[in-house]
Protein chains: 2
Amino acid sequence: MARATGIAVWTRIAAQLREDIASGAIVPGGRLPPEAALASRFAVNRHTVRRALEDLARDRLIRIEHGRGSFVAEPVLDYQINLRPRFSEWVRRHNREPFGDKLSLRMIDPADLPECTIIREVLGLAAGEPVLELLRRGTADARPLSLSRHIFPARLEGLHAALLNHATITAALAQIGIADYLRLRSRITCRMPTPRECALLELERDAPVLHCENVNVTAANTPLELCFAIYPSHRVALIVEPTA
Amino acid sequence: MARATGIAVWTRIAAQLREDIASGAIVPGGRLPPEAALASRFAVNRHTVRRALEDLARDRLIRIEHGRGSFVAEPVLDYQINLRPRFSEWVRRHNREPFGDKLSLRMIDPADLPECTIIREVLGLAAGEPVLELLRRGTADARPLSLSRHIFPARLEGLHAALLNHATITAALAQIGIADYLRLRSRITCRMPTPRECALLELERDAPVLHCENVNVTAANTPLELCFAIYPSHRVALIVEPTA
DNA sequence: TTGTATTTGTCCGTATGTATT
DNA sequence: TAATACATACGGACAAATACA
């Protein structure tokens, strides 16, 4: 890296790294070369490289992890928690192509699920009344963004077939005559992902996930769905804007 | 554990463990004896104990961790993300005694903070304009619930002294003539805690924390505060109830 | 980094009592 | 009475995850 151009060397190194990232030479989530390697590549002292990396980190283009290395930050999609939960609309608003992989769909007695108590209470189910459980993976431009478990009362006529036939939940519900549905309440926590979740989300084992428990109702305010969703925290942030 | 009482053995073991937990014989967050130990204590097979533990886990009284053991769940405080962020009121509503440890208070140039860009943008600061940074630990009945960094424009007259003199932010702001302040926007992510955060929150290092970036404004809608807060996810859940 | 002990998870099979048919 | 299904309880073996030296 030539000197004496009137621009600080670290600035030009930072600019070069920005280009490397923007061009995709280093994939989002990927690791940058160690500081020593960068120093020799640019023929500067390691401290100069560090100054450049700090600059990128400040702009959140990379995250520097003590003892591990520096990693290109993945672009974070902001998900606004508002009245209508609509995965596809959200992703499309960010100019990405949404897709919902249906992983499984089955009818089951909630007693066989760990969330039995909550499910019965929220959906107002009698003992032994079955539910439909839909497992879904949401992707944006083929990058996994969410894993969700949707629990519906099985008594809803034709829902099983509708969920199989339509790509989105909104469309499936519309087919059985539910034109609109609303978020009543969301409960947000976070936890570490299971190995299976890591595989499905293409996630490292040490990256926590946001966990949302959503209660959704029809426009007439009858309980419709309980949804457990997880989001890799490096890819999704939840936005809340209180209105009243 | 005597048999032939008409009630399943595992049911009575579960009931006994429930009592042990309710009575405080095992503290919240504490570890239950291993399955083998419980099996010998109750003089039953390990499978019978497992059946009882599954029952408790289903009710979220304990969490079972593969290879580690079973742990008494800590009570989770639901924190409703509504228009007014008020730590003390929230904790008191759960019948616990709130306290805010002031860890540090300093005036600083935001350029020296990693969140420089956001701070300047949100608070509408000119380059070089300093801010007040307050570090705070929130506890409920002496149990750490939150660590928060509050960033105020330093230009607010008398705020430094007011923050030192009052136990709550609400009271400090009231003293300098800001009778009300509102949440404009919250951005929720999660991450692993740093060792220092673990120490302050009395947290295991493998427990993720919820991270909230809150933008708060005055009643007149002028930018007032940027607040970065973390909450141990095993102790706090965030509740969102969209209203419009 | 590696090996070992601990602990939970899952599977196999067997036997028994109870309720239903 | 007999056949069947089901929940309960036990015993053993091994896999998988974790903790620790």
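Proteins get letters first, then strands, A, B, ... in listed order; numbering begins at 1 in each.
Note on B/N45: every side-chain N or O is 4.0 Å or more away from OP1 and OP2 of D/dA9. Put simply, B/T48 has a side-chain N or O that comes within less than 4.0 Å of OP1 or OP2 on D/dC10.
Position along DNA chain D of the nearest nucleotide to B/H47 versus B/R51 favours B/R51 as the more 5'-ward residue.
Ring geometry for A/Y231 against A/W90 counts as perpendicular: the plane angle is over 60°, on a 0 to 90° scale with 30° as the lower cut.
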- Task: In sequence, state the C-alpha distance, the side-chain angles, and the governing distance for B/R12 and B/D55, and then conclude on salt bridge (Lys or Arg N to Asp or Glu O under 4.0 Å).
- Result: CA-CA 11 Å; B/R12 284 178 297 137; B/D55 195 57; over 6 Å; no

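In the model, A/H150 has no side-chain atom that pairs as donor or acceptor with a side-chain atom of A/E133 under 3.5 Å.
Remark: the backbone N or O of A/N82 is paired with a side-chain donor or acceptor of A/R183 at under 3.5 angstrom. Remark: the backbone N or O of A/E97 is paired with a side-chain donor or acceptor of A/D141 at under 3.5 angstrom.
In this structure, A/R93 fails the cation-pi test against A/Y79, since its NZ or CZ atom is not both closer than 6.0 Å to the six-membered ring centre and inside 45 degrees of the ring normal.
As rounded to whole Å, 17 Å separates atom C1' of D/dT8 from atom CZ of B/F42.
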- With B for base contact, S for sugar-phosphate-only contact and - for none (protein heavy atoms under 4.0 Å), nucleotides 1-8 of chain C reads ------BB

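Across all strands shown, D/dT18 is found opposite C/dA5 as a Watson-Crick or G-U wobble partner, with both distances under 3.5 Å.
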